[in-house]
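Computed over heavy atoms, backbone and side chain alike; hydrogens, waters and symmetry mates excluded.
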Amino acid sequence: MGVTAPKTLDTPVDPPRIFGPTYRTATFGILLVATLIAFEGMSVGVVMPQISRDLRAVELYGISFSAFLIASLFANVVSGLWSDRRGYTMPFLVGVVLFVAGMGLAGAAVNAQMFIVSRAVQGLGAGTTIVALFVMIARVYPAEVRPKVFAGLSAAWVVPAMVGPAIAGFVGDRFGWEWVFFGIIPLVVPALVMLIPALNRKPTEEAAPSTGPRARPALMSLAATCAAVGAGTLLFGIQEHTVGSALLGAVGLALLGYGLYRLLPPHALRFGRGLPTTVMMRGMFSAAFFGVNAYIPLALQEVKGFDATTAGIALTTGALGWSTGSYLQSRRDAPPHRRIRLGGFCVMAGVLLTMLSVLPGVTGWVAVPAWIIAGFGMGIGMTTVSVTALKQSPVNEQGANSAALSVTDMLGSALTIGVGGALVNMIGHAPAQIATGFVVISCLMAAIALAAALLAGRTAG
């Protein structure tokens with residue numbers, strides 16, 4: 001009696017694992033670089049009040065964050081074009097080098113102008129790296145494991161979130177804020193050693209050249225320039241309250257509108273169903289969360305008398321909530337738009353609760369559980385948006401759409417942080433005035449988070 005050969009369907013399926021032999025090197029390389037960027041993100045915010053005082057530039061508090069983000073916006077587009085046409089290896093490496101160079105310039109800054117320039121250089125590096133990272137994930141990993149990779153990216157923030165703010169606060173208090181920047185630079189060495197083999201991996205999907213309007217280098221470079229210059233001009237214009245500044249702001253808004261029209265998927269500015277709204281969601285989440293996150297250390301230090309080390313704890317808990325939310329989204333089968341909606345409501349609730357931390361008679365420590373809730377919402381919402389956008393993107397437009405995600409991300413943060421800085425400058429820098437400014441900022445950001453929750457249903461195609 002003959003033996004029947006086993007059918008293909010009878011063969012056990014071994015699902016790919018991001019830490020299995022096939023993807024281990026790529027995963028560790030990606031996570032190491034994400035950890036490097038996370039240390040910067042978690043550390044700089046804590047010592048920004050010290051930097052502002054030492055450089056006599058409290059009025060430039062918001063601009064220093066926005067310079068980083070606006071430069072990232074321009075770099076996002078260039079990196080997306082570069083990655084789609086030539087692959088992600090060189091954009092990734094160039095981005096890391098620029099990021100580290102910016103850290104060195106920041107540590108050496110002797111005045112506000114030099115510090116802002118250094119933040120812009122850091123932004124160019126981070127923006128280039130982030131988009132190349134997204135394209136790498138899309139090209140190297142099969143679709144079924146991408147949610148786990150994005151969850152891993154959020155988990156890469158756990159260690160920096162746990163120790164970054166406390167270490168930054170301690171180093172800033174004991175040795176000076178300059179060493180917060182200098183101390184991060186050596187972390188790039190082991191990251192690059194691990195990353196070089198990963199960057200040589202052959203993509204799992206080969207992309208045909210894109211022929212759409214967002215694949216034209218000259219047009220997209222012009223659009224990126226208009227968006228970055230427009231955003232910077234708009235933020236500069238709102239810092240003053242004169243007719244000239246109002247006209248300057250109007251010009252900036254027009255340039256920004258043209259740039260976004262070209263950079264984003266069709267109908268994105270009208271929240272068209274599917275990919276257009278998915279891309280816009282990332283900007284709304286970033287605007288609501290980081291528009292408050294940037295001012296938590298300032299509010300707690302100036303209003304409640306926290307030192308830099310203690311004020312950093314709120315940022316720590318937010319990042320831990322983010323990682324938890326991101327992990328849970330990878331384990332749930334709920335429709336993406338429902339997860340995005342839940343994320344929006346959580347961010348809104350966290351922002352409103354954090355606002356209470358500056359009120360008289362309320363302990364500043366209320367910011368800790370509040371920011372866990374906001375971070376949890378970001379973990380669920382932002383990670384779901386990233387995974388959904390890649391699913392909705394043709395292979396040959398993954399770079400352009402990854403760039404669009406990062407553009408809305410950076411722009412949302414830059415505009416709300418810049419507007420927050422303008423509000424603080426307008427209301428005043430005394431403790432009671434900073435508290436008032438923080439309440440106004442929180443109310444505005446909560447409204448944005450609510451809008452994201454209400455519009456989440458439009459992400460479904």
Side-chain angles (χ1 to χ4, degrees), residues 41-42 44-53 57-66 69 165 168-169 235 238-239 241 284-319 321 346-375 377-378 412-452:
M42 296 304 302
V44 173
V46 176
V47 295
M48 271 305 302
Q50 295 176 325
I51 297 170
S52 297
R53 288 192 296 268
V58 175
E59 71 279 2
L60 297 178
Y61 188 92
I63 294 295
S64 63
F65 284 103
S66 297
L69 296 167
L235 290 176
I238 65 175
Q239 299 299 318
H241 308 289
M284 297 181 75
F285 271 91
S286 292
F289 183 84
F290 291 108
V292 175
N293 188 77
Y295 294 97
I296 289 176
L298 179 68
L300 293 181
Q301 291 182 52
E302 299 298 327
V303 178
K304 295 297 184 178
F306 285 28
D307 60 21
T309 304
T310 309
I313 293 176
L315 301 186
T316 296
T317 56
C346 286
V347 172
M348 180 188 70
V351 166
L352 291 176
L353 289 172
T354 303
M355 178 182 68
L356 302 178
S357 65
V358 298
L359 298 182
V362 179
T363 175
W365 288 106
V366 74
V368 172
W371 217 233
I372 291 176
I373 296 172
M378 290 293 284
S413 301
L415 291 180
T416 53
I417 293 173
V419 168
L423 287 170
V424 169
N425 292 337
M426 180 177 66
I427 295 171
H429 299 148
Q433 293 170 322
I434 289 176
T436 301
F438 188 75
V439 169
V440 174
I441 291 168
S442 298
C443 289
L444 292 174
M445 299 310 112
I448 294 174
L450 175 61

Under 3.5 Å: donor-acceptor pair, side chain of K304, backbone of W365: no
Reported CG-to-OG1 distance for the pair L423 and T436, which is rounded to 0.5 angstrom: 11.5 Å
Smallest separation among heavy atoms of I434 and V303, with atom names: CG2-CG2, 4.0 Å
Nearest heavy-atom neighbours spanning V358 and A299: CG1-CB, 3.7 Å
Ring geometry between W371 and F289 (parallel below 30°, tilted from 30 to 60°, perpendicular above 60°): parallel
Within-4.5 Å side-chain heavy-atom neighbours: I448 and V351: no
Stepwise side-chain contact (heavy atoms from CB on, under 4.5 Å) check, M378 with V347: CA-CA 7 Å; M378 290 293 284; V347 172; 3.9 Å; yes
V439 side chain reached by L359 side chain, heavy atoms, under 4.5 Å: yes
Minimal non-hydrogen separation, A294 against P297, with atom names: O-CD, 3.9 Å
Any side-chain heavy-atom pair of Y295 and I417 under 4.5 Å: yes
Distance (rounded to the nearest 0.5 Å) between M355 CE and M445 CE: 12.5 Å
For S442 against V292, the heavy-atom pair lying closest together: CA-CG2, 4.1 Å
Euclidean distance, S286 OG relative to N293 CG, rounded to 0.5 Å: 10.5 Å
Heavy-atom closest pair, residues P431 and E302: CB-O, 3.4 Å
Considering all heavy atoms, the nearest A446-L352 contact: CB-CD2, 3.6 Å
